[in-house]
Protein chains: 2
Amino acid sequence: MEATLSKRDKIVEAALSLFAERGYDGTTVPMIADKAEVGTGTIYRYFENKEALVNALFQDCVKRFNDVVKRDFPDSGSVREQFQHVFHGMVRFAKENIHGFYFVDTHSNARYLDPESRESFRQLMDFFHAYAARGIQQGMIRPLQADVLIAIVFGAFTKVFTLIRAGKLTETPEMLRQIEESCWDAVSVHANKE
Amino acid sequence: MEATLSKRDKIVEAALSLFAERGYDGTTVPMIADKAEVGTGTIYRYFENKEALVNALFQDCVKRFNDVVKRDFPDSGSVREQFQHVFHGMVRFAKENIHGFYFVDTHSNARYLDPESRESFRQLMDFFHAYAARGIQQGMIRPLQADVLIAIVFGAFTKVFTLIRAGKLTETPEMLRQIEESCWDAVSVHANKE
DNA sequence: ACCATAGGAATGAATATTCATTCCGTTTTA
DNA sequence: TAAAACGGAATGAATATTCATTCCTATGGT
């Protein structure tokens with residue numbers, strides 16, 4: 001155990017922020033090496049090639065996102081409580097890992113993702129699908145296709161966090177609370193409408 | 001005027017779909033030439049270089065989007081009616097120009113956009129800012145920062161249209177109506193909450 | 001024949017990847 | 001215990017590939 005980051009960790013961190021910032025194709029391997037303060041060749045000691053690196057990164061982020069969202073999930077809570085839990089999980093993950101969240105969002109359909117990466121992302125989505133299905137069944141969530149519901153909440157959330165990441169917005173607990181409410185209102189059934 | 005697309009138009013169309021599909025850095029000039037069925041050199045007869053091409057494309061799309069959203073805007077209508085108008089404009093633009101919408105969304109912060117492109121996008125955003133401000137003032141729209149409100153609606157909308165674009169979803173008028181309602185509920189003030 | 005337009009091979013710069021060498025900590029030997 | 005030998009991690013210059021851009025030839029319209 002070192003007090004300082006291992007070479008591998010430095011590479012991972014540098015690559016993540018560059019991929020998030022400039023995209024996969026806009027990031028060169030020497031750029032990553034520079035930022036990580038290692039030799040170019042060192043990257044190839046840890047990853048077979050650039051594609052293997054981006055896939056390792058992607059899977060790692062998805063796994064961590066999965067863990068955060070599912071940890072302490074209130075299985076027996078209400079649909080509303082579960083929504084809040086998931087939303088807070090997203091916030092927590094995005095704050096701890098500001099590049100990781102954006103990276104996953106912008107790369108989840110990328111052509112260079114291998115089957116394993118795609119599968120890991122699909123599993124994450126399955127969890128949200130199942131949630132949406134339960135919510136609809138209980139009459140709490142609007143009867144739209146689960147894909148659409150997920151797209152609405154994730155789309156809104158990621159765009160907001162993109163602003164935060166870009167420094168164009170500073171998040172406050174109150175603002176996050178309001179955004180959560182806003183997202184809930186977007187997908188929930190309203191009892192009484194004028 | 002030809003019955004068939006001009007060379008320039010073929011280049012523009014090919015470039016647009018490739019940039020939307022693979023991103024700027026992931027698209028090569030010969031790739032564009034191939035898809036447009038022109039020689040590589042021909043592209044340089046119409047555009048100074050790759051960067052000029054992407055900027056011309058961006059500005060053109062933003063302009064068309066602007067036109068669609070602002071055409072017949074109900075200046076004296078209610079905030080709700082104006083929202084509907086804008087939303088329908090977005091739908092119309094996205095349907096007529098499925099790549100263009102996604103292209104603008106994914107490239108609006110790109111490092112290779114020139115000042116003119118940035119300015120054209122800023123003007124478009126100003127329009128939405130002004131709309132949000134009016135809505136808040138009238139007590140119809142939630143009192144959040146305009147940036148956040150815009151991010152919520154645009155984020156939700158673009159993610160849904162990304163699904164449609166990818167063929168993972170087929171849009172119907174009823175579905176679009178529901179999504180419009182969903183987005184409105186996300187940003188509007190609700191008179192009575194339980 | 002002349003000019004404008006188009007084409008695509010040629011060019012040089014940029015990029016991913018490799019590899020011979022250096023460096024450094026550990027083990028072996030005297 | 002000190003010196004020598006070793007092994008694997010790290011390096012960055014060298015190589016092979018890909019790319020944007022140029023340039024010269026070909027084509028077709030007038």
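Only heavy atoms go into these numbers, but all of them, side chains included; no hydrogens, no water, no symmetry mates. The sequence lines fix the lettering, A, B, ..., with proteins before strands; numbering per chain opens at 1.
Following rounding to the nearest Å, A:Ile43 (CD1) and D:dA9 (C1') show an atom-to-atom distance of 15 Å.
In this structure, A:Lys50 contributes its side chain and A:Tyr24 its backbone to a donor-acceptor pair below 3.5 Å. Side chain of B:His85 to backbone of B:Glu81: no donor-acceptor contact under 3.5 angstrom is found. Looking only at distances, a side-chain donor or acceptor of B:Tyr131 sits under 3.5 Å from a matching main-chain atom of B:Val79. Judged by distance alone, with hydrogens and angles left aside, the side-chain atoms of B:Thr40 form no donor-acceptor pair with the main-chain N or O of B:Ala33 at under 3.5 Å.
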Checklist outcome for this item: Its contact letters, B for base, S for sugar-phosphate only and - for none at protein heavy atoms under 4.0 Å, make nucleotides 6-25 of chain C read BBB------SSBB-------

Checklist entry - Using a cut-off of 4.0 Å between protein heavy atoms and nucleotide atoms, how would you tag nucleotides 24-30 of chain D 5' to 3' with B, S and -? => result -------

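Residues A:Asn109 and B:Lys168 have side chains that bring a donor and an acceptor to within less than 3.5 angstrom of each other. For the residue pair B:Ser117 and B:Gln59, a side-chain donor N or O sits within less than 3.5 Å of a side-chain acceptor on the partner.
Note on A:Glu181 versus A:Arg177: salt bridge recorded, some NZ/NE/NH1/NH2 to OD/OE distance being below 4.0 Å. Between B:Asp185 and A:Arg142, at least one side-chain N (NZ, or NE/NH1/NH2) sits under 4.0 Å from a carboxylate O, which counts as a salt bridge.
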